[in-house]
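A short write-up of the structure that comes next.
We name chains A, B, ... by the order of the sequence lines, and we start the count at 1 in each one.
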Number of protein chains: 2
Amino acid sequence: MDTSRRDRILDELPAVCRACEARHGGLCGTLTTTQLAELNRHSSRRTVEAGSELVGQGDDVDHYSNILRGVVKLSKMMSDGRQQIVGLQFAPDFLGRPFHPESALSVEAATDLQLCSFPRTILERMIVAAPSMERGLLNQALKELDEARDWMLTLGRKNANEKVASFLFLIATHYDAEESRTTVFDLPLSRAEIADFLGLTIETVSRQMTKLRKEGVIAIENNRHITVTNMDRLASAAGED
Amino acid sequence: MDTSRRDRILDELPAVCRACEARHGGLCGTLTTTQLAELNRHSSRRTVEAGSELVGQGDDVDHYSNILRGVVKLSKMMSDGRQQIVGLQFAPDFLGRPFHPESALSVEAATDLQLCSFPRTILERMIVAAPSMERGLLNQALKELDEARDWMLTLGRKNANEKVASFLFLIATHYDAEESRTTVFDLPLSRAEIADFLGLTIETVSRQMTKLRKEGVIAIENNRHITVTNMDRLASAAGED
DNA sequence: CGAAAGGTTGACACTGGTCAAGCGGTGTGG
DNA sequence: CCACACCGCTTGACCAGTGTCAACCTTTCG
């Protein structure tokens, strides 16, 4: 990236931010132009390949990031290898937990990612100086908490059919918030990952997907490409009130 | 905090706060003496009977509280009546979600409670004026998020035996953080509530408790009174790493 | 073209749910 | 004071839903 050019426009909105999808969402949405410029001086964009681990369970964290494109999965593993995905993050979510140098989670790229990363120390210094950022972080944490608790209901009280429908509904509404009658998208997770998200086995996930397909609620092409032909029926299969 | 400084502060503290268990925990721990005095002017203590609902799913919230004594359960319900407890809160936790006038959860007294409550508007005004409170709220939200995600692993990937052991372990370590070899406590939840917390039925909870008793891991008196005779075996039954 | 990885399908087993009966403590009315 | 009913919990018998294991299919990629 061209550093000299970036320095020149320090007090304006950085060009790279002006075109950024995350500009008005996530953490950056809470920042003033000056703060954005300051953060941007230390930030770097990078791409990450699907499947790579960003941070391991128990690792030290030295960078925080905004997700510009792609899907990140957060997961926990037991000592015997059983795994549970405890969260999915989409652009423009913020990735990382300030003031906690050690991660309790494994953070992995579910799809190819584009990230905007900053060193831990820079961001923490900025947070202390700019309390408005703390509000942004609080809102993100509360959003994640809501999502986690919604998912606890799914994990604890829904059957396999409802779980799979809930997952498809989650992804569908995330890609097309309008909830139009028909929605098309590519699944960001493999069957094994969906199973780890739902607390099921891949066989059960597969069977329930087939069931939804045969019932005419969804169509499946190439395993990952899903067409929801009837959103209302998907929602009711998911047990949404 | 060093002793001399604490003595100085004690002189100015409201009398009721000076004796308060929540003084150094939860939200109040982040406040200066002046802020505490301000908050205290608008706060009122009250007791709540076990079983009463503090806030219903979808209700408007007009008060926030600190828990001084007792256990609060947060739960979600599906339209057909299936229920999942998505969080337990103990003294000195803060109860409520600033700037969100509507609750997505039902909040209920699991045991008899003693609360210290403040009107919504007062607290929100203070938060705007005192960014340090936002840090306190962020930390509480992150703590709840960690707990929720730990529990997602339990709900999604543990069997009935491990779930019940995990619950007992959670309560035991909460009452006696030392993890001494033997721990005694009263369960704050009925069998039905434990089932709703674990995503099981009361019959399964009962059977697994009996199993742990027959294996000599715990002893049970009067249904609620539990003696953990071997913490290590309880931990390993819970699948703790 | 062959091999590997990911996904589907079937047969069967087992865990946990369902339904029903019974136990034990507590509170109430005769 | 006893008889009774009620509530929370336990236990048993049975069954359904999901996991396990194995075979096979499909897609991808060297």
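- Taking a cutoff of 4.0 Å between a charged side-chain nitrogen and a carboxylate oxygen, Arg207(B) and Glu203(B) do not qualify as a salt bridge.
- One interatomic measurement links the two molecules: CD1 of Ile194(A) to P of dT8(C), which rounds to 9 Å at whole-angstrom precision.
- By the 4.0 Å N-to-carboxylate-O rule, Glu162(B) lies close enough to Arg82(A) to be salt-bridged with it.
- Straight-line distance from the CE atom of Met209(B) to the C1' atom of dT11(D): 15 Å, rounded to whole Å.
- Taking the charged nitrogens against the carboxylate oxygens, Asp93(A) and Lys143(A) do have a contact shorter than 4.0 Å, which makes a salt bridge.
- Minimum heavy-atom separation, Lys76(A) to Arg149(B): CD-O, 3.8 Å.
- We find that CG of Leu187(B) is positioned 15 Å from P of dG8(D), with the value rounded to whole Å.
- As rounded to whole Å, 14 Å separates atom C1' of dA23(D) from atom CD1 of Ile202(A).
- A sub-4.0 Å separation between OP1 or OP2 of dG19(D) and a side-chain N or O of Thr204(A) is present.
- Between Glu203(B) and Asn161(A), the one whose closest nucleotide on DNA chain D sits nearer the 5' end is Glu203(B).
- Counting only heavy atoms from C-beta on, Leu200(B) has its side chain closest to dG16(C) among dG16(C), dT8(C), dC9(D).
- Ionic pairing of Arg69(A) and Asp112(A) is not present here: no N-O contact between side-chain nitrogen and carboxylate oxygen is shorter than 4.0 angstrom.
- Between Thr201(B) and dT18(C) there is no side-chain polar atom (N or O) within less than 4.0 angstrom of OP1 or OP2.
- Per the geometry, NE2 belonging to His225(B) stands 16 Å off P belonging to dC9(D), to the nearest Å.
- Within 4.0 Å (heavy atoms only), Asn222(B) reaches no atom of the nucleic acid at all.
- In the set dG16(C), dG7(C), dT9(C), the nucleotide with an atom closest to the side chain of Gln208(B) is dG16(C).
- One interatomic measurement links the two molecules: CG of Leu189(B) to P of dC9(D), which rounds to 10 Å at whole-angstrom precision.
- At whole-Å resolution of the value, CG in Leu155(A) and C1' in dT18(D) are 15 Å apart.
- Ranked by how close their nearest DNA chain C nucleotide is to the 5' end, Arg224(A) and Arg207(A) are led by Arg224(A).
- When the P atom of dT26(D) is taken as reference, atom CD of Glu221(A) falls 16 Å away, rounded to whole Å.
- Nearest nucleotide to the Asn223(A) side chain, out of dT20(D), dT18(D), dG7(C): dG7(C).
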